[in-house]
Amino acid sequence: MTEMAHDAVVSPRPRLASGLALALISAVSFGTSGTLARGLLDTGWSPGAATLLRVALAALVVAPLGAVALRGRWGVLRRNLGVVTLYGVLAVGAAQFCYFSAVQYMKVGPALLIEYTSPAVVVLWMWLRHRQRPGVLTLTGAALAGLGLVLVLDLVGGLGVSPAGVGWALGAMVGNATYFVVSADDRVDLPPLTLAGGGLVVGAVVLGLLGAVGLLPMSLSAADAVYSGHAVPVWVPVLGLGLVSAAAAYTTGIAAARRLGSRLAAFVALTEVLAAIVAAWLVLGEVPMAVQLGGGVLVVAGVVVVRLGEAWRTGGTPRPSERRRGSGSARRPASAAGATAAQRKQATARGRPIA
């Protein structure tokens, strides 16, 4: 398996702001997929066909842009071919296939909740693989976001689930976690467009092969899609799935993870669930309940707390204990400066001035 590098360090404020903006754009884009696909599925499309067309169309758009972004450095692509393959197989192909397989055995809500335990898996991976131990704030934020997801998905009633469905949903969770870890790998020198384009091509090939051997049922329909009683030409949701919920979502998501790191990006991506609920409300007329709105507040609160925890971990915000110690780190630069001055004086005495 391709080795994953350390998580990217959370960046200064301008880079953080752009990372958060890109992450929210990605989450909203991903969140529209369910609503757009709903109109197709109601007319006879199979989930596999909708997913394959979504990924393939996005690959046709992003892959050429990714090739241009390489600027002729094809050696970089060859050097990272394993990462691109891993990304396409797990983050794109497997995540989609496992999720749609899960909903054949269980309701969408529980399957989505299991898939979105991926931020906890990212935290665990960074801890075990790279010794980046999560702090109290990170763990608290994870708990808040998890509780918020339970309320958003309205699972407080306690629903029975199928073991097969849980197994497939866990597979989708692994694919989702891989998406964030690979996207934030600070040793991958591929441009975000190239990684996204290559991964989408691999994902489309994997999904196509699954359909060819009969593991992923494929059925299409040319009938108009219907949203809240309004008929829409079938090409409208098809383009929306390919361009918005896939092409834009994956490219902005990778760019966001490069700026935020995998852990923070994964928690910000939890807002995709909120985006999905709002999209269903506006387009399908599915009004969210008060408990879901309360859960949304907890998800946002969890993201904020995780952000504070990540800032403390990377030194962006001093811990209270460091402030009480009198900022010992501030004394180190002065010491280093003194050593440098001494070295300059000694070098000058020997006739070897240092620039």
Side-chain angles (χ1 to χ4, degrees), residues 18-40 47 50-66 69 84 87-100 108 112 115-116 118-119 122 172-173 175-184 190-204 206-207 236-260 262 264-280 282-283 299 303:
S18 64
L20 289 173
L22 289 169
L24 290 175
I25 292 173
S26 178
V28 171
S29 300
F30 274 126
T32 62
S33 63
T35 297
L36 292 172
R38 176 70 175 273
L40 297 177
T51 304
L52 175 58
L53 194 61
R54 171 195 180 199
V55 175
L57 181 58
L60 289 175
V61 173
V62 180
L65 299 177
V84 173
Y87 182 86
V89 171
L90 291 181
V92 178
Q96 294 294 322
F97 174 65
C98 290
Y99 174 70
F100 284 120
V108 172
L112 191 61
E115 180 182 358
Y116 271 86
S118 57
V122 171
M173 176 267 293
N176 203 25
T178 303
Y179 164 75
F180 292 110
V181 174
V182 174
S183 298
L190 283 173
L193 280 174
T194 306
L195 177 57
L200 287 167
V201 170
V202 173
V206 170
L207 292 169
V236 174
V238 167
L239 288 179
L241 282 173
L243 301 181
V244 178
S245 74
Y250 278 106
T251 52
T252 54
I254 293 173
R258 295 271 178 95
R259 290 165 170 79
L260 302 177
S262 59
L264 180 55
F267 280 97
V268 176
L270 292 177
T271 55
E272 176 187 337
V273 179
L274 305 180
I277 291 177
V278 172
L282 297 177
V283 179
V299 170
V303 170

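- When all heavy atoms of Ala247 and Leu243 are compared, the pair lying nearest together is CB-O, 3.4 Å.
- Residues satisfying the side chain to side chain contact (heavy atoms under 4.5 Å, CB included) test with Ala172, not counting sequence neighbours, are Cys98, Tyr99, Glu115.
- Closest approach of Arg259 to Ser18, counting heavy atoms only: NE-OG, 3.1 Å.
- Taking CG of Leu20 as the reference point, atom CD1 of Ile25 lies at 11.0 Å (rounded to 0.5 Å).
- Pairs engaging residues 236-256 under the salt bridge (Lys or Arg N to Asp or Glu O under 4.0 Å) rule: none recorded [sequence neighbours left out].
- Of the candidates Val202, Leu53, Thr51, Thr51 is the only one forming a side-chain contact (heavy atoms from CB on, under 4.5 Å) with Leu207.
- Nearest heavy atom pair, residue Gly31 against residue Ala279, reads O-CB, 4.3 Å.
- Applying the side chain to side chain contact (heavy atoms under 4.5 Å, CB included) test to Ala50 and every residue at least two apart in sequence or in another chain returns Trp45.
- A distance of 5.0 Å separates CG of Leu36 from CG of Leu241, quoted to the nearest 0.5 Å.
- When all heavy atoms of Val84 and Gly198 are compared, the closest pair comes out as CG1-C, 3.5 Å.
- Closest approach of Val182 and Tyr87 over heavy atoms only: CG1-CD1, 3.8 Å.
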Acceptor/donor pairs from residues 54-62 side chains to any protein atom, 3.5 angstrom cut, sequence neighbours excluded:
residue : atom : partner : partner atom : Å
Arg54   : NE   : Ser245  : OG           : 3.2
Arg54   : NH1  : Gln96   : OE1          : 3.4
Arg54   : NH2  : Ser245  : O            : 2.6

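- The residue from Val206, Thr178, Asn176 that alone fulfils the side-chain contact (heavy atoms from CB on, under 4.5 Å) condition with Leu90 is Thr178.
- Under the 4.5 Å side-chain criterion, counting only non-hydrogen atoms from C-beta, Val92 is in contact with Tyr250.
- For the pair Ala23 and Leu260, the tightest heavy-atom approach, listed with the atom from each and the gap, is CB-CD1, 3.9 Å.
- Pairs engaging residues 23-35 under the side chain to side chain donor-acceptor pair (under 3.5 Å) rule: none recorded [sequence neighbours left out].
- The side chain to side chain contact (heavy atoms under 4.5 Å, CB included) test applied to Val278 returns Leu282, not counting sequence neighbours.
- The closest side-chain heavy-atom distance from Leu40 to Val238 is below 4.5 Å.
- By the side chain to side chain contact (heavy atoms under 4.5 Å, CB included) test, Pro191 is found to be paired with Ala69, Leu70, Arg73, Thr194, residues two or more places apart in sequence or in another chain being considered.
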